[in-house]
Amino acid sequence: VNQKSGRLCIGATHLLARYAVLGAVKSFATTYPDVDVEITQLNPPSIVEYVAKGLVQFGVSTLPREVPKEVQAFAACKIERWVITPLGHPLTKLKKLHLNDLVKYPIVGDRDFAWGPGVQEQFRRKGIEPKAALKSSSSDLVKGAVTAGLGIAIVQRVDLDRKVDDGLAMMDARHLFPTSQAYIVLRRGEYLRRFAYDCIARIAPRWTEKAIRNSAAERPTTTGWAAL
């Protein structure tokens, strides 16, 4: 089997594709110029489904509540959440954010896609329902809507750049929402060429071909991934 040419299909969420996968693929392409790389942007349930059906060689994603037995998941990186508001917003004057403070204002974004179960669970535990504003899974549109004054948003820290997003106030919300885990998602027993393992290791250096072959799947229990 040719280990230097072929096709590599990766499934990833929008932000992980942008901030975790693209940089790895750039260096990968230099080493493997004859490998065609295709990145498909999907939500976490679709990524797991695509991996299970063999439609992509691997995925990079948080995990949905239901993960089929055909799938293995290997911890790759942590995801922290922050709150963004327009500059001068009343929330920026608080010494510490609380959930009850957030629900006073419309919240922009797609709670099912972007927040993850962990964020929603924090509101449920308090018995409070956030006010919905514009619903969108596009991080650029969410940030634009917040800048325009349509509401506030709960976003992943990796998507914020103080130089670029200078029209936004950014507040650490790690004390409000649990840190999520992103995973390398593989199909159990799937044959991968060496270049696929190489690409995985560029995204998550811990997971070399040898490490993956020697490791049992880090597939969380239901209680484990419900906190993601």
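Just so you know, residue 1 is the first one in the sequence shown, and it goes up from there. Worth saying up front: this structure is predicted, and the values here are computed from it rather than measured.
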Quiz prompt | Check: Val155 and Met170 side chains under 4.5 Å, non-hydrogen atoms | solution = no
Quiz item: Should Leu63 and Val185 count as side-chain neighbours, where that means a heavy-atom distance under 4.5 Å?
Solution: yes
Quiz item: Quick one: does Ser180's side chain get under 4.5 Å of Val119's, heavy atoms only?
Solution: no
Quiz item: Measuring from Asp198:CG to Arg193:CZ, what's the distance to the nearest 0.5 Å?
Solution: 14.0 Å
Quiz item: Would you say Leu91 and Leu102 make side-chain contact, with heavy atoms under 4.5 Å?
Solution: yes
Quiz item: So does Tyr50 have more than 12 non-hydrogen atoms from other groups sitting under 6.0 Å from OH?
Solution: no
Practice problem: Mind listing the closest non-hydrogen atom pair of Thr13 and Ser61 along with its distance? | Solution: CG2-OG, 3.8 Å
Quiz prompt | Nearest-0.5 Å distance that lies between atom CD1 in Ile10 and atom CG in Leu42 | solution = 12.0 Å
Quiz prompt | From CG (Leu16) to CG (Leu22), nearest 0.5 Å | solution = 11.0 Å
Exercise. May I ask you to decide if Tyr32's main-chain N or O and Lys4's side chain share a donor-acceptor pair within less than 3.5 Å?
Key: no
Practice problem: Check the pair Val83 / His89 against side chain to side chain contact (heavy atoms under 4.5 Å, CB included), numbers first and verdict last. | Solution: CA-CA 12 Å; Val83 170; His89 192 277; over 6 Å; no
Quiz item: Do Tyr105 and Phe177 share a hydrophobic cluster (ILVMFWY, side-chain heavy atoms under 4.5 Å, transitive)?
Solution: yes
Self-check item: Check: Arg157 side chain, Asp172 main-chain N or O, donor-acceptor pair, under 3.5 Å
Solution: no
Quiz prompt | Note, Pro68 side chain near Val48 side chain (heavy atom, < 4.5 Å) | solution = yes
Exercise. Kindly determine whether Met171 and Leu94 satisfy side chain to side chain contact (heavy atoms under 4.5 Å, CB included), including the steps that lead there.
Key: CA-CA 10 Å; Met171 289 158 282; Leu94 300 179; over 6 Å; no
Quiz item: Is the backbone N or O of Arg7 less than 3.5 Å from a side-chain atom of Gln57, with the two atoms forming a donor-acceptor pair by type?
Solution: yes
Quiz prompt | Arg188 side-chain N/O to Lys69 backbone N/O, donor-acceptor pair under 3.5 Å | solution = yes
Quiz prompt | Nearest non-hydrogen partners of Pro106 and Leu150, listed with the distance | solution = CB-O, 3.9 Å
Quiz prompt | Spatial distance of atom NE2 (His14) from atom CZ (Arg18) [nearest 0.5 Å] | solution = 5.0 Å
Quiz prompt | Pairwise side-chain contact, Tyr183 with Phe58, heavy-atom cut-off 4.5 Å (strictly under) | solution = no
Self-check item: Interatomic spacing from CG in Asp166 to CG in Leu87 - rounded to 0.5 Å
Solution: 8.0 Å
Exercise. Quick one: closest heavy-atom pair of Ser5 and Phe195, and the distance?
Key: O-CE2, 3.4 Å
Exercise. Might you work through the side chain to side chain contact (heavy atoms under 4.5 Å, CB included) test for Lys126 and Gln122, ending with a clear yes or no?
Key: CA-CA 7 Å; Lys126 291 286 186 178; Gln122 301 311 305; over 6 Å; no
Quiz item: Does Ile200 belong to the same Ile/Leu/Val/Met/Phe/Trp/Tyr cluster as Val37, with side-chain heavy atoms less than 4.5 Å apart forming each link?
Solution: yes
Quiz item: Are Val60 and Tyr19 joined in one hydrophobic group, where the rule is that I, L, V, M, F, W and Y side chains link up if heavy atoms are under 4.5 Å apart?
Solution: no
Self-check item: Under 3.5 Å: donor-acceptor pair, side chain of Trp207, backbone of Ala75
Solution: yes
Quiz item: Would you call Leu55 and Glu49 a side-chain contact if the rule is heavy atoms closer than 4.5 Å?
Solution: no
Quiz item: Near Lys93 NZ, under 6.0 Å, is it more than 12 heavy atoms from other residues, nucleotides or ligands?
Solution: yes
Quiz item: Looking only at heavy atoms, what is the nearest atom pair of Ala153 and Val142, with distance?
Solution: CB-CG1, 3.6 Å
Quiz item: What about Ile203 and Phe28, same hydrophobic cluster or not, with Ile/Leu/Val/Met/Phe/Trp/Tyr joined at side-chain heavy-atom distances under 4.5 Å?
Solution: yes
Self-check item: For Gly149 against Pro86, the heavy-atom pair lying closest together
Solution: CA-CG, 4.0 Å
Quiz item: Can you tell which of Leu160, Val108, Ile152, Asp165 makes a side-chain contact (heavy atoms from CB on, under 4.5 Å) with Ile84?
Solution: Leu160
Exercise. For Arg187 and Ala52, indicate whether the former's side chain and the latter's backbone hold a donor-acceptor pair under 3.5 Å.
Key: yes
Quiz prompt | Side chain His98, main chain Asn100, donor-acceptor under 3.5 Å | solution = no
Quiz prompt | Leu15 reachable from Leu168 in the ILVMFWY side-chain graph, under 4.5 Å edges | solution = no
Practice problem: Give a yes or no on whether the backbone of Cys77 and the side-chain of Gln181 come within a donor-acceptor separation of less than 3.5 Å. | Solution: yes
Exercise. Taking all non-hydrogen atoms of both residues into account, name the closest pair between Gly59 and Val51 and its distance.
Key: N-CG2, 3.7 Å
Quiz item: Could you give the distance from NE2 (His175) to CG (Leu99), rounded to the nearest 0.5 Å?
Solution: 8.0 Å
Self-check item: Polar side-chain atom of Glu209 near backbone of Tyr197 as donor-acceptor pair, under 3.5 Å
Solution: no
Quiz item: Do Ile154 and Leu176 come within less than 4.5 Å of each other through their side chains, counting heavy atoms only?
Solution: no
